[in-house]
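These values consider heavy atoms only, across backbone and side chains, with no hydrogens, waters or symmetry-generated copies. So that the names make sense, note that chain A is the first sequence line, chain B the second, and so on, each numbered from 1.
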Amino acid sequence: NAGVMQNPRHLVRRRGQEARLRCSPMKGHSHVYWYRQLPEEGLKFMVYLQKENIIDESGMPKERFSAEFPKEGPSILRIQQVVRGDSAAYFCASSPPKGWATEAFFGQGTRLTVV
Amino acid sequence: AQSVTQPDIHITVSEGASLELRCNYSYGATPYLFWYVQSPGQGLQLLLKYFSGDTLVQGIKGFEAEFKRSQSSFNLRKPSVHWSDAAEYFCAVGAGNDMRFGAGTRLTVKP
């Protein structure tokens, strides 16, 4: 049973480009969470999704950021027109339907660098 | 609003010494409590969790944590630190599908 898979592990984008971060949850997990980790800071919640449904996006910036979790395929976090301040590590976690009450597993993260 | 505070940004201990990492939370009800460890360039690994019952929780790698409701704390402890324990440690609190993390405590282990 493979763990939560995130790709790419490292992503470099020039300012103004788009960044696409992928997260494949563990088998049997239907909930996905995205977090952002800035240097010297903890993990900040961004969005919580179930398949084909955004449950809570209260942590998502209002512009340029979007997330989806389609019926088939990985969850995608999309950042349009990236800026230097978007440079961070982005972590995905997945859990079964009972959510954190059981256990959520984290991927190894995608480290985005905007140059 | 719920929040998690890890008062110590950076802690240095000698190998073999004991360790305590502090975590305080603010939450409407008794939340679920977690400690995660993150090695450089890696994801987060769950050390232990508290949902209910015995307030002293045993985790992996020799770690334990104690939930103290009166102090709203969930401190992580280890009796004897190993060099491989050097990492970043995160306390997290949650209920349902809401999970919040502290800013982390970086642990340095001196030989």
Side-chain angles (χ1 to χ4, degrees), chain A residues 2-10 21 23-26 29-50 53-59 69 88-113, chain B residues 1-11 21-27 29-53 57 59-60 74 76 87-108:
Chain A
V4 180
M5 303 301 292
Q6 288 188 252
N7 68 81
R9 291 290 306 277
H10 300 275
L21 288 62
C23 171
S24 296
M26 286 183 67
H29 284 191
S30 56
H31 294 205
V32 165
Y33 313 77
W34 285 94
Y35 288 82
R36 176 165 62 176
Q37 183 180 31
L38 294 167
E40 308 300 323
E41 294 187 23
L43 279 76
K44 302 296 184 184
F45 169 77
M46 298 183 75
V47 62
Y48 158 46
L49 311 102
Q50 294 176 1
N53 195 15
I54 296 174
I55 304 302
D56 181 355
E57 55 181 348
S58 59
F69 189 15
Y90 292 83
F91 288 93
C92 162
S94 74
S95 74
K98 287 187 177 179
W100 296 104
T102 50
E103 184 173 322
F105 292 87
F106 281 87
Q108 293 199 306
T110 294
R111 280 151 183 83
L112 172 65
T113 302
Chain B
Q2 58 269 26
S3 65
V4 186
T5 302
Q6 292 182 246
D8 305 304
I9 297 173
H10 188 197
I11 283 184
L21 303 182
R22 296 183 290 165
C23 173
N24 295 96
Y25 67 90
S26 172
Y27 215 85
T30 300
Y32 303 135
L33 299 160
F34 305 81
W35 274 99
Y36 286 87
V37 60
Q38 183 183 32
S39 297
Q42 300 298 313
L44 279 76
Q45 181 183 22
L46 180 68
L47 285 176
L48 47 80
K49 58 189 177 185
Y50 172 79
F51 291 165
S52 64
V57 181
I60 62 171
F74 189 57
L76 181 71
E88 187 103 22
Y89 292 80
F90 293 95
C91 178
V93 301
N97 290 300
D98 180 34
M99 174 69 79
R100 308 287 163 166
F101 287 82
T105 297
R106 181 169 300 163
L107 174 65
T108 298

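When heavy atoms are compared at a cutoff of 4.5 Å, A:Q6 does not approach chain B at all. For B:L44, the parts sitting under 4.5 Å from any heavy atom of chain A are the backbone and the side chain alike. Neither the backbone nor the side chain of B:Q6 comes within less than 4.5 Å of any heavy atom in chain A.
Other residues, nucleotides and ligands place more than 12 heavy atoms under 6.0 Å from the CZ atom of A:R111. Open room surrounds CD1 on B:I9; 12 or fewer heavy atoms of other groups in view lie less than 6.0 Å from it.
If you take NZ on A:K44 and CZ on B:R100, they are separated by 9.5 Å, rounding to the nearest 0.5 Å.
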query = Under the ring-ring contact (aromatic ring centres under 6.0 Å, His included) criterion, do B:Y36 and A:F106 qualify, and how do the steps go?
reply = CA-CA 10 Å; B:Y36 286 87; A:F106 281 87; 5.3 Å; yes
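Here the shortest heavy-atom pairing between A:L43 and B:F101 reads O-CB, 3.7 Å. When every heavy atom of B:F90 is checked against every heavy atom of A:Q37, the shortest pair comes out as CZ-NE2, 3.2 Å.
The shortest side-chain heavy-atom distance between B:Q45 and A:F105 does not fall under the 4.5 Å cut-off.
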